[in-house]
Colleague: 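Next up is a structure, given as structure tokens.
Each chain gets a letter, A, B and so on, in the order the sequences are listed, and its residues count up from 1.
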Amino acid sequence: MPSAPASFACCDRCATLTPPGLAAGGAQAGTPGRDPARRRLLKAAVFRPVADPAPPDGANVAGRLATGFDGDQAPAYDPSQPVGYSDKSQLPRTVTGTIMDVSPQVLVLGEAGEEQRFTLIPDAVAWRGTQLEPAALHQGDHAIVRLCPSSRYTADRVWANIGRVTGIIMERSGSTLLVHEGATRQPQIVGIQPRAVGRIQVRFPTLEPGYLVDIIGLRHGDELIGMMPATSQPAYPANGLPEPALVSGRIPTSISGSATWHEPHDEPPGILGVAYPALDPETGCAEAALSGPQHGFARMPYLAIGSVLRVRNECTGKDCLASVTGCASIGRLFNDRCVTCGTSPRGRVADLTIASFIALGGELERSCFNATITIGE
Amino acid sequence: MTVPMLQVIREVQIPLVAVLLLTGCVTKVRQMRRTGSLDSGLGPTVLFPLGMRKPVALAMCVVEAVLGLGLIVTAGSTAATGGPVAAMVFRLGAGLLFLVATSALIELRTVRPDAGCGCFGELSTAPVSGRTIARSALLTVAIVSTLGLRAIKAPHTGTADLELLAIVCAELLLIGLLSPEVGAGLIRLGYSEPCELRHVASGRTLTALRRSKQWRRYSPLVASDVPADIWRELCWRYVVYPSRYEERAADLVFAVFLQYRRPLVHVALVDSGTGLPLPLPAGKRRVRLAPLATAAEAGTSAAAVGAGVAEAVRASEAADAVATADSVGAVDAVPAAGGVPAADGVAAADAAAGDAATDDPDTTLVDVLPRQP
């Protein structure tokens with residue numbers, strides 16, 4: 001059974017790789033040059049717009065000269081625009097923790113010796129394998145709580161023990177799967193609940209080694225109890241990705257597809273980030289297995305850790321800026337469509353952190369939303 | 001005359017079909033080696049249960065190779081190669097293969113209309129169409145027509161050579177018209193990836209950077225030969241070198257446009273401590289500054305050569321004086337391009353080259369002449 005190397009860092013894992021010709025000594029996380037925020041700052045310095053001191057007759061020329069590029073050639077980056085919520089008051093926040101106590105009106109979460117109390121609105125809904133009343137949640141459940149945008153201490157949605165495994169089947173023994181989620185993660189054990197077997201096999205007919213799987217269920221220790229399929233299975237095995245279609249002309253800055261979420265594992269909780277499927281092959285993707293496919297299903301422009309994307313949920317109309325924090329080494333192999341509202345184009349364009357997914361109005365148990373990402377904002 | 005012509009047409013079918021079979025086998029093997037999978041995208045194999053796809057794909061490849069080679073070896077119907085019986089067996093086998101293939105393609109079109117025929121590996125990804133089926137049927141007829149044919153002999157006269165050539169060309173044309181793979185192959189031959197999707201090695205970017213004027217001008221500021229950071233976004237790769245400026249630690253950032261020839265380069269100096277941009281030290285000046293309006297006009301005329309070398313030098317110097325030092329390439333590119341949008345990286349960089357050379361301390365008079373197309 002393969003084991004994941006433990007030497008990789010978390011969110012900056014791809015940035016800490018040493019591309020050819022780069023100082024090996026500077027590869028440690030935390031080196032100023034590798035800081036994604038610093039990259040944004042340096043990029044902004046190169047393409048910064050300069051105040052136009054030109055006289056009236058030369059104003060146009062000077063304006064173009066000072067900017068240094070036409071808008072469609074260089075990245076249209078606005079360093080003054082903060083990364084994160086486009087409007088903090090409009091987007092919900094997320095809190096995670098262990099349930100200490102719950103009643104129909106109040107939810108108490110405890111984390112690291114602190115207790116946080118949240119008022120549940122009358123229409124609050126919980127999920128624990130299925131939809132239920134919040135009062136039916138158990139003490140000790142790991143909860144992901146969506147807060148109302150208007151109040152920091154009011155919750156309207158709770159997911160308890162929700163988990164997701166997206167990867168390549170390594171082994172199968174009866175209804176138990178061993179799934180490879182990337183080189184930096186430990187293989188995941190998925191035990192499919194007997195009453196969910198039929199439901200999952202409708203969408204994942206080939207539960208055999210080498211094929212892709214994406215299942216949502218309940219976390220029980222290190223194991224995931226598979227409850228529902230998150231998507232449909234591609235017809236090809238993971239190493240038989242079809243040749244991508246040829247793309248010509250300019251690549252549009254807005255790309256539509258499916259946006260999914262992933263469990264944090266070693267990411268800090270609450271981070272607003274996105275795993276992007278097409279990181280520059282020169283810097284590489286630590287999560288991707290060396291022997292696996294080095295490209296994804298959808299042809300997307302190459303970016304780096306720290307690049308900023310605008311992610312828009314086409315179902316809710318909400319959008320926000322999120323920085324690239326990882327590479328979707330498994331997500332990029334899928335050619336699925338999201339059908340949360342309408343039918344999205346094939347391919348996953350973003351693999352969001354839970355906080356980003358919820359902030360954009362996504363429902364975790366629905367696994368995806370139709371999304372449009374805009375690059376270069 | 002008709003009988004010999006028909007005879008020649010029948011004889012031509014054997015090498016043609018053999019070459020097509022061998023080409024199909026080779027392209028399938030190439031795809032298998034590339035994807036590491038024996039059963040992916042090989043057309044009619046998707047009609048089989050999962051466990052049988054791999055052996056079926058392998059068997060199809062082997063059968064094609066054996067029949068292709070067998071048709072060629074037994075074309076002479078000599079005793080050494082088994083005589084007419086062996087030739088008949090291989091031709092019959094090829095006919096049977098194409099007959100089965102035609103039936104399978106009809107079935108595939110009904111059951112999986114999105115699947116390609118897989119006849120020529122990854123070139124055959126277009127959904128099965130009437131053309132594909134017609135081609136398979138044509139090849140069935142072609143190889144069946146050779147049953148009972150005696151030994152193939154090379155033509156003895158020039159006229160016979162021409163006849164043979166004309167028949168081969170006509171049949172190749174017909175097969176080409178019935179093959180969606182020809183279109184796909186031509187597209188691949190003339191395909192150029194957009195820069196956003198193009199894989200460009202970091203080493204190549206560094207080489208291009210070190211050949212640029214910006215590097216020659218600002219490399220004295222670099223404190224280490226090894227970049228502190230390299231990353232890429234869209235069509236630009238950013239290279240950061242540790243630097244010192246007026247006793248302060250700084251980062252010298254180059255943005256290199258990802259094109260193979262004369263890439264556009266921007267540069268900035270950033271204070272390591274505060275993160276604020278620092279003014280880049282000015283380059284050597286040989287000619288006094290000219291007003292802005294003159295600069296713009298002179299920039300255009302510089303591109304047209306007629307204004308003369310001295311004017312071009314003045315234009316470039318003036319443009320530098322107006323713009324910030326971090327956009328030297330673009331500064332030169334915009335006026336010199338004379339309406340060419342800077343979005344066209346090649347055009348902008350080429351246009352810049354004429355001006356860019358002018359404010360280089362090492363520039364000679366020959367350098368400032370515009371490059372010939």
Colleague: Starting at CG of L276(B), measure out to CG of L41(A) and round the result to the nearest 0.5 Å.
Modeller: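 The CG atom of L276(B) sits 8.0 Å away from the CG atom of L41(A).
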
Colleague: Quick one: side-chain hydrogen bond (donor to acceptor under 3.5 Å, both in side chains) partners of R244(B), sequence neighbours excluded?
Modeller: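 With sequence neighbours excluded, R244(B) shows a side-chain hydrogen bond (donor to acceptor under 3.5 Å, both in side chains) to no residue whatsoever.
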
Colleague: Atom CG of L197(B) and atom OH of Y302(A): how far apart are they, to the nearest 0.5 Å?
Modeller: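 It comes to 7.0 Å.
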
Colleague: Using 0.5 Å steps for rounding, measure from the CH2 atom of W231(B) to the CG atom of L42(A).
Modeller: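 CG of L42(A) is found 5.0 Å from CH2 of W231(B).
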
Colleague: For A201(B), does its backbone N or O pair with a side-chain atom of E282(A) as donor and acceptor, under 3.5 Å?
Modeller: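 No: the side chain of E282(A) does not pair with the backbone of A201(B).
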
Colleague: Is it the side chain or the backbone of S272(B) that comes within 4.5 Å of chain A heavy atoms, both, or neither?
Modeller: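 Contact with chain A involves both backbone and side-chain atoms of S272(B).
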
Colleague: Can you list the steps and then say if K43(A) with E233(B) is a side-chain contact (heavy atoms from CB on, under 4.5 Å)?
Modeller: CA-CA 10 Å; K43(A) 190 178 99 174; E233(B) 284 188 33; 2.6 Å; yes

Colleague: For the CZ atom on R211(B), are there more than 12 heavy atoms of other groups (residues, nucleotides or ligands in this structure) within a distance under 6.0 Å?
Modeller: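 Incorrect, the count does not exceed 12.
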
Colleague: In terms of heavy-atom proximity below 4.5 Å to chain B, should T253(A) be classed as side chain, backbone, both, or neither?
Modeller: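 Neither; nothing under 4.5 Å.
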
Colleague: Would a 4.5 Å heavy-atom cut-off, applied to side chains only, mark D229(B) and R39(A) as touching?
Modeller: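 Answer yes - side chains close enough.
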
Colleague: Show your working on side-chain contact (heavy atoms from CB on, under 4.5 Å) between L279(A) and R232(B) and close with a plain yes or no.
Modeller: CA-CA 9 Å; L279(A) 290 190; R232(B) 173 187 178 167; over 6 Å; no

Colleague: Heavy-atom distances under 4.5 Å only: say whether V200(B) touches chain A with side chain, backbone, both or neither.
Modeller: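 Backbone of V200(B) only, per the 4.5 Å heavy-atom cut-off to chain A.
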
Colleague: Indicate the atoms forming the closest heavy-atom contact of V270(B) with A45(A), along with that distance.
Modeller: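 Taking every non-hydrogen atom into account, CG2-CB, 3.4 Å.
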
Colleague: Shortest non-hydrogen contact from H266(B) to V46(A)?
Modeller: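 It is CB-CG1, 3.4 Å.
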
Colleague: Please look at R198(B) and chain A and tell me whether the side chain, the backbone, both or neither of the residue comes under 4.5 angstrom of a heavy atom of that chain.
Modeller: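 Contact with chain A involves the backbone of R198(B) alone.
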
